[in-house]
Amino acid sequence: MKKTTTRLADGRELIYYDGRDDAVRDAVDRRPLDPMASASEVRRDPLLGEHIAIASHRQGRTYYPPADECPLCPSQEGRLSEIPDSDYDVAVFENRFPSLSGDTGRCEVVCFTPDHDKSFADLTPTQARLVLDTWTDRTADLSQHPAVEQVYCFENRGKEIGVTLDHPHGQIYAYPFITPRTEQMLRAAEQHREATGGRNLFDDTVEAEQADGRRIVLDGEHWTAFVPYAAHWPYEVHLYPKRRVPDLLGLDEDERAEFPHIYLDLLRRFDRLFGPGLPPTPYVSGWHQAPFGIDHRREFALHLELFTIRRTADKLKFLAGSESGMGVFINDVPPEAAAQRLRDVVSA
Ligand SMILES: [Zn+2]
């Protein structure tokens with residue numbers, strides 16, 4: 001992998017990740033851009049102890065441009081995008097409309113492929129591996145950022161999930177605090193450790209799923225994927241390396257080599273869940289990694305959580321009164337049935 005770091009016209013960082021070591025990325029951003037205006041602010045909700053990012057400048061962000069004005073496609077003569085080069089493998093840049101920036105963290109966009117009409121599931125294993133290595137390198141870089149406590153690499157896919165650009169891409173949020181979800185997991189792990197005389201919650205959870213077997217979707221040599229016992233979403237899969245590591249940096253070469261095959265298989269199953277002739281399954285997929293500055297960091301288990309908000313071919317799961325108001329999810333699809341469906345639906 002070759003990494004080339006450069007700057008866009010407004011000063012934002014752009015980083016190319018290339019599979020070939022002889023790739024030359026010296027194209028200059030020739031757009032007349034104003035300096036980036038970002039005024040994100042983090043406020044803490046005193047009742048819940050949770051952080052909220054207030055980012056009013058995001059209201060003006062790009063919303064579904066026509067395909068020939070896509071800001072994530074490579075630049076062409078007469079049509080300049082966020083990527084000055086006429087080609088790339090994987091490209092990462094600071095979001096022009098960040099929810100977090102400066103001393104409130106950082107938001108990055110990860111372009112998975114220069115091909116506008118592909119999706120992550122269409123990538124080759126080699127391309128998916130380059131994305132994995134990119135996520136890993138971003139995590140390493142952002143861990144050095146003084147304001148950053150936690151790095152979240154994720155992909156939102158589909159209009160239904162709020163995606164405003166069709167081009168296959170993901171995002172990285174580098175938070176200046178530990179997120180509420182991670183706080184909850186750390187607390188649960190701590191309680192489990194105390195209650196069991198030192199056992200690890202993540203290990204015990206994965207072992208229990210493997211012993212039960214009904215919710216396992218894919219079982220590789222180094223990775224296992226299952227629908228969790230108490231899934232929140234109609235179709236939800238958690239993917240763990242079999243050896244516990246705190247973050248992407250902890251994965252070894254064997255785990256990295258197998259990941260693309262398992263993950264592409266999972267995504268292709270997701271796309272087939274509701275049968276042919278439908279728009280692709282909307283989903284959220286994100287890596288849970290240990291925050292940087294905590295005690296017991298190695299007890300956290302890196303894993304990926306993938307879920308869709310679609311519950312039938314024509315129905316979406318909305319976060320309504322119980323979910324939005326009280327945080328209590330009502331799931332209409334039994335996790336065992338969801339796992340069966342995901343096993344039956346053949347990936348190709
Ligand atoms: Zn595009």
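Atoms considered below: every heavy atom in the structure, side chains included; atoms not considered: hydrogens, waters and symmetry mates. Residue indices begin at 1 and follow the sequence shown. In each ligand, atom 1 is the first atom listed, and ligand 1 is the first ligand listed.
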Angle in degrees, rounded to 10°, that SG of C70 and SG of C73 form at the Zn ion (ligand 1):
120°
Are any of the side-chain nitrogens in R129 or E253 under 4.0 Å away from the carboxylate oxygens of its partner?
yes
F307: partners by ring pair (Phe, Tyr, Trp, His ring centres under 6.0 Å), with sequence neighbours left out
W233
The criterion is side chain to side chain donor-acceptor pair (under 3.5 Å); which residues satisfy it with R214, sequence neighbours excluded?
D212
Atom name of the N, O or S atom of H116 nearest to the Zn ion (ligand 1) is ND1
Of the N, O or S atoms in H167, the one nearest the Zn ion (ligand 1)
ND1
Looking only at side chains, do R343 and Q340 share a donor and an acceptor under 3.5 Å apart?
yes
